[in-house]
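All remarks here apply to the structure that follows.
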Amino acid sequence: MFKIEHVACELPVKPKCYNGLNPVRVETQDGCCSKWDCEYDCQIWGRRHYRTFDGIFYNFFENCAHILVQEIIPKYNFTVILDNYYCTSSAPKSCQQTLIILYQGNVIHLTTGPRPSITFNGIAESFPHNAEGIYISKMGVNVRVHIPYIRTTITGHKHAIKIQVPEQYFRDNTQGQCGSLSRNMNDECKRRNGKVEPPNCCHKTAFDWKIDDPNKPECSAAPTNVPCAPPSPPPSCENATVCDVLKGNSFSGCRNNKHFDFYNQACQYDNCGANSTEADCSSGEDGSCESRPGSDSGPGSNSGSGPGSHS
């Protein structure tokens, strides 16, 4: 026998998110009311430029597979791993080979680029593919993996990756190259043993998150626990580059992005360091006009139910 009761919902106060993104409306645990929550994203793009959940920018050009996001205390058995490989001979730059997503015992291997592909628990699948509460779709070269239960979305586009997670489920419980999601830049660069390094050391603590890969035996000797040292300055550009187009009228709106200067420097870094037009266009396209949460659509949008929600 069902009983219907009137529930008075408090008017939620819209918070100011630490990362500057707009908060989103989500259901309360009983599913009767709504509240605001902040979402955080970690981005990797170009010939490996990183922005952590709490907003630290750094460069990491190494080979091998490394953990981007991992729960400190497992609640949802969620981990994201990025497998890189050296893709230029003129400079030590790396490109993404495979993105590996682990969730509740399922393993997804995702490759991006001109011909994106996926395997789900070791079986090659076509797009779209929905299973075990995971929705995988493709539009052109853009691939989207959405997990409604934890309101998490991973998107891949050419040389760019974005991992978007809610503060509600992951605050103070992430580790890896994407940082701690603690609303504090001072503890964003953390080693595997838990030691916190200064905010300008993420490019060195990133080495700690390497994982062993039997398909890459050379990676077993790759360094970890690399001492902190100042980041190397970007190479100087003797001539004009295609990145100069970012200063033109076509990108005038993008320059309002508070991180525009870093994306522009990353674009210059790729062009002058690797002489790769494809790479520097990636930095400009995927960085300066980065998309914002809430733009995605599909099964289980960000307003969907999550852990403990009414169903």
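Being a predicted model, the structure only gives us computed values, none of them experimental.
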Evaluate Cys33 against Cys9 for disulfide (SG to SG under 2.5 Å), listing each step before the verdict. CA-CA 6 Å; Cys33 303; Cys9 296; 1.9 Å; yes
Would Glu167 and Tyr40 count as a side-chain contact (heavy atoms from CB on, under 4.5 Å) if you check the C-alpha gap in whole Å, the side-chain angles of each, and the deciding distance to 0.1 Å? CA-CA 7 Å; Glu167 181 180 78; Tyr40 288 75; 3.1 Å; yes
To the nearest 0.5 Å, tell me how far Asn19 CG sits from Glu39 CD. 9.5 Å
Is there a donor-acceptor pair under 3.5 Å between the side chain of Asn77 and the backbone N or O of Gly105? no
Give me the atom names and distance for the closest heavy-atom approach of Pro217 to Ser220. O-OG, 2.7 Å
Minimal heavy-atom distance between Ala124 and Thr119, with the atoms involved, is CA-CG2, 4.0 Å
Report yes if the side chains of Val141 and His157 come closer than 4.5 Å at any heavy-atom pair, otherwise no. yes
Does Pro166 offer a backbone N or O that forms a donor-acceptor pair with the side chain of Thr152 under 3.5 Å? no
Side chains of Leu82 and Tyr50 in contact at under 4.5 Å (non-hydrogen atoms): yes
Using modelled atom types and a 3.5 Å cut-off, is there a donor and acceptor pairing between side-chain atoms of His66 and backbone atoms of Gly176? no
dist Ile154:CD1 -> Leu68:CG (nearest 0.5 Å) comes out at 10.0 Å
Tell me which pairs pass disulfide (SG to SG under 2.5 Å) where either residue lies in residues 124-178, with sequence neighbours left out. Cys42-Cys178
Here the pair of heavy atoms bringing Gly179 nearest to Phe53 is O-CD1, 4.2 Å
What is the distance from atom CG of Leu102 to atom CZ of Phe78, rounded to the nearest 0.5 Å? 9.5 Å
Assess whether side-chain contact (heavy atoms from CB on, under 4.5 Å) is satisfied between Asn59 and His203, documenting all intermediate values. CA-CA 6 Å; Asn59 300 316; His203 65 298; 5.9 Å; no
Nearest 0.5 Å, please: how far is CD in Glu218 from SG in Cys64? 6.0 Å
Under a 4.5 Å side-chain heavy-atom rule over Ile, Leu, Val, Met, Phe, Trp and Tyr, are Val69 and Val196 clustered together? no
Hydrophobic cluster identity match, Ile211 and Phe60, side-chain contacts under 4.5 Å: no
Heavy atoms, side chains only, cut-off 4.5 Å: are Met185 and Tyr18 in contact? yes
Quick one, Val80 and Leu99 - any side-chain contact, counting heavy atoms below 4.5 Å? yes
Set out, in order, the CA-CA distance, both residues' side-chain angles and the distance that settles side-chain contact (heavy atoms from CB on, under 4.5 Å) for Leu21 and Asp41, then state yes or no. CA-CA 9 Å; Leu21 301 182; Asp41 60 49; 3.6 Å; yes
Here the salt bridge (charged side-chain N to carboxylate O under 4.0 Å, His left out) pairs for residues 121-141, sequence neighbours left out, are none
Which value, rounded to the nearest 0.5 Å, describes the distance between Ile67 atom CD1 and Gln177 atom CD? 9.0 Å
Taking the side chain as C-beta and beyond, is there a heavy-atom pair between Lys14 and Pro23 under 4.5 Å? yes
Smallest heavy-atom separation, Pro116 atom then Gly140 atom, equals CG-O, 4.4 Å
List the residues meeting side-chain hydrogen bond (donor to acceptor under 3.5 Å, both in side chains) with Thr111, not counting sequence neighbours, and say none if there are none. Ser117
My understanding is that only residues two or more places apart in sequence, or in another chain, count here; which of them pass side-chain hydrogen bond (donor to acceptor under 3.5 Å, both in side chains) with Asp187? Ser180, Ser182
On a heavy-atom basis, the closest approach of Cys202 and Tyr58 is CB-CD2, 3.4 Å
Out of Ile118, Ile100, Ile161, which one pairs with Leu110 under the side-chain contact (heavy atoms from CB on, under 4.5 Å) rule? Ile118
Gln70 meets the side-chain hydrogen bond (donor to acceptor under 3.5 Å, both in side chains) criterion, sequence neighbours left out, with Gln175
Would you call Glu62 and Lys210 a side-chain contact if the rule is heavy atoms closer than 4.5 Å? no
Does a donor on one side chain and an acceptor on the other come within less than 3.5 Å for Thr205 and Glu197? no
Is the backbone N or O of Thr79 less than 3.5 Å from a side-chain atom of Glu71, with the two atoms forming a donor-acceptor pair by type? no
Under 3.5 Å, side chain of Asn121 to main-chain N/O of Val107, donor-acceptor pair present? yes
Value rounded to 0.5 Å, distance of CD1 in Ile136 from CD1 in Ile108: 4.0 Å
Could you walk me through whether Arg151 and Tyr169 pass the side-chain contact (heavy atoms from CB on, under 4.5 Å) check? CA-CA 9 Å; Arg151 293 192 3 248; Tyr169 303 143; 3.9 Å; yes
Do Ile150 and Val165 come within less than 4.5 Å of each other through their side chains, counting heavy atoms only? no
Contacts of type salt bridge (Lys or Arg N to Asp or Glu O under 4.0 Å), residue Asp208, not counting sequence neighbours: Arg191
Asn186 versus Pro199: any side-chain heavy-atom pair under 4.5 Å? yes
Using modelled atom types only, decide if a donor and an acceptor are shared between the side chain of Glu188 and the backbone of Asp54 within a distance under 3.5 Å. yes
When clusters are formed by joining ILVMFWY residues with side-chain heavy atoms under 4.5 Å apart, either directly or through shared neighbours, do Trp209 and Ile163 land in the same one? no
Between Phe170 and Tyr76, does the ring centre distance come in under 6.0 Å? yes
